[in-house]
There are 2 protein chains.
Amino acid sequence: MGKPSEQRKQEIIDATLDLAASLGVKKVTTQAIADHVGIAQPTVFRHFKTRDAIFVAAISSIGEGLFRNLAAFFSGTGPADERLHQLVRAQLRFISQNKGLPRLLFSDRLHLESPLLKQAVQKIMNGYTQQVSRMIREGQAAGLMRANLDAEECACLVAALIQGLVMRWSIFDFDFDLAAEAEPLWGFIAAALLVDGEGAVL
Amino acid sequence: MGKPSEQRKQEIIDATLDLAASLGVKKVTTQAIADHVGIAQPTVFRHFKTRDAIFVAAISSIGEGLFRNLAAFFSGTGPADERLHQLVRAQLRFISQNKGLPRLLFSDRLHLESPLLKQAVQKIMNGYTQQVSRMIREGQAAGLMRANLDAEECACLVAALIQGLVMRWSIFDFDFDLAAEAEPLWGFIAAALLVDGEGAVL
DNA sequence: TATAAAAGTGAGTAATTGCTTGCAATTATA
DNA sequence: TATAATTGCAAGCAATTACTCACTTTTATA
């Protein structure tokens with residue numbers, strides 16, 4: 001009967017993310033996945049009904065991984081500004097170790113071909129901005145962040161900053177240290193959000 | 001002899017951008033381009049050696065269009081902060097009218113398949129951040145922007161903000177008014193960069 | 001108007017690739 | 001051990017698609 005289904009599924013997902021990182025989404029054919037896992041190509045379809053379903057599962061898997069990594073900062077107990085700082089750092093670190101994420105994020109498979117895949121990403125992004133805007137409101141309530149800011153709008157822009165940075169990283173072939181960008185990035189965000197932000201050093 | 005080559009080339013480029021905007025890059029087949037222009041599919045290859053060459057030409061064309069739209073703000077005579085504000089506004093307006101740009105930008109064709117295409121984009125991005133960092137240095141010299149900021153780093157982050165916003169726009173099916181985001185976006189940038197930024201209303 | 005070059009096309013090729021099918025091997029369980 | 005379910009695979013189908021070729025039509029120009 002071969003390996004149990006759940007284990008194989010995860011192997012297929014991992015192979016997909018590995019291959020996406022190194023080859024790009026387009027080249028992640030079901031044959032390539034099968035070779036990487038070490039099974040025959042039709043066997044892939046024993047575990048996923050369609051190729052798209054594999055990508056949806058991969059996005060969900062990596063999304064869950066990201067949230068598991070960031071959950072501590074979303075709901076921690078320290079001051080909101082420090083938690084946001086740590087969040088940015090942890091997020092860039094996580095992404096720099098999961099290059100499959102930007103590959104999937106910037107694929108046209110996501111952008112028009114697969115509504116399901118897009119929905120999965122929209123869900124992740126909405127969850128993220130919701131958590132960040134909550135943190136910003138906490139920071140405002142504590143007098144740490146400027147009260148005249150629209151928390152939700154700011155959360156979107158913080159997300160945009162990170163995504164834009166990741167996109168630059170992807171376009172430039174992952175050839176700079178993404179995690180190292182956390183500090184100047186935080187300098188920028190702090191300057192924009194914090195009450196005493198004008199003193200930030202970038 | 002049919003239409004002169006230069007004119008047909010532009011028609012093919014325009015068709016490519018139109019189709020990319022409405023269908024996504026993957027579905028821009030040479031057949032679809034030919035249909036859209038009103039010629040036979042092999043005729044496309046009279047004007048471009050390969051399909052990739054069409055995409056490279058399309059990116060270059062839209063990049064030139066963008067710079068033509070922004071040139072006035074790069075080298076204007078007014079205060080640097082006002083020019084940057086207008087730049088952001090003009091850029092979002094231009095992109096919102098050229099949806100083919102994000103489609104190409106977020107395609108995996110760009111991200112791994114076609115080194116030439118990626119090079120074209122890298123060139124555009126480098127030119128952009130160079131101009132913006134020059135503006136920021138002008139703003140610093142005029143005492144408008146915080147002197148302790150690294151102009152180049154800030155320029156990258158401004159670019160990242162816009163790209164991230166455009167990406168969000170693309171992922172959410174172009175379903176909000178991108179141009180309208182210019183003002184809150186500028187509020188955020190102003191808060192981060194300007195000497196009196198702490199008073200900015202977002 | 002004659003000519004050559006360029007633009008255009010119908011028909012076809014080769015390669016890729018998602019997915020199916022019929023059948024064999026393996027394993028859980030009764 | 002017998003049975004049923006699941007996992008696995010070799011072979012192949014059907015569709016797509018970038019690109020070629022032999023040939024015709026159009027146009028510039030000498």
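Per chain, numbering begins at 1; letters A, B, ... match sequence-line order. What you see is a predicted model; the values in this text were computed from it and never measured.
- Residue contacts shown for T29(A) are limited to sugar-phosphate atoms, with no base heavy atom under 4.0 Å away.
- Using the six-membered ring where Trp is involved, W186(A) and H85(A) have ring planes that are parallel, under 30° apart on the 30 and 60° scheme.
- At the phosphate of dG8(C), OP1 or OP2 sits under 4.0 Å from a side-chain N or O atom of H47(B).
- Residue I54(B) contributes atom CD1, which lies 8 Å from atom P of dC19(D) at whole-angstrom precision.
- For F45(A), the side-chain atoms get nearest to dC19(C) when compared with the rest of dT9(C), dC19(C), dC19(D).
- For Q31(B) and dT20(D), the CD to C1' distance is 15 Å, given to the nearest whole Å.
- Between K26(A) atom NZ and dA15(C) atom P the separation is 16 Å, expressed in whole Å.
- The distance from atom CG of L23(B) to atom C1' of dT17(D) is 16 Å, rounded to the nearest whole Å.
- Rounded to whole angstrom, the span from the CD atom of Q7(B) across to the P atom of dA6(C) amounts to 18 Å.
- In this structure, CG of D35(B) is placed 11 Å from P of dG10(C), rounded to the nearest angstrom.
- Distance from the side chain of P42(B) is smallest for dC21(D) among the nucleotides dT20(C), dG8(C), dC21(D).
- Between T30(A) and dT17(C) there is no side-chain polar atom (N or O) within less than 4.0 angstrom of OP1 or OP2.
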> Is there a side-chain contact (heavy atoms from CB on, under 4.5 Å) between R8(A) and I39(A) once you walk through the steps?
Replying inline: CA-CA 10 Å; R8(A) 268 281 188 261; I39(A) 56 179; 3.4 Å; yes
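- Looking at the side chain of I39(A), the nearest of the listed nucleotides dT9(C), dC19(D), dC9(D) is dC9(D).
- When all heavy atoms of L66(A) and Q91(A) are compared, the closest pair comes out as CD1-CG, 4.3 Å.
- Taking the six-membered ring where the residue is Trp, F176(B) and W169(B) present perpendicular rings, their angle passing 60° and hence far from 30°.
- Scanning atom types as modelled, no donor and acceptor separated by under 3.5 angstrom connect the side chain of Q41(A) and the base of dC9(D).
- Between I33(B) atom CD1 and dT9(C) atom P there is a gap of 15 Å when expressed in whole angstrom units.
- Using cut-offs of 30° and 60° on the angle between ring planes, the pair F106(B) and F106(A) is parallel.
- When the C1' atom of dT9(C) is taken as reference, atom CZ of R46(B) falls 9 Å away, rounded to whole Å.
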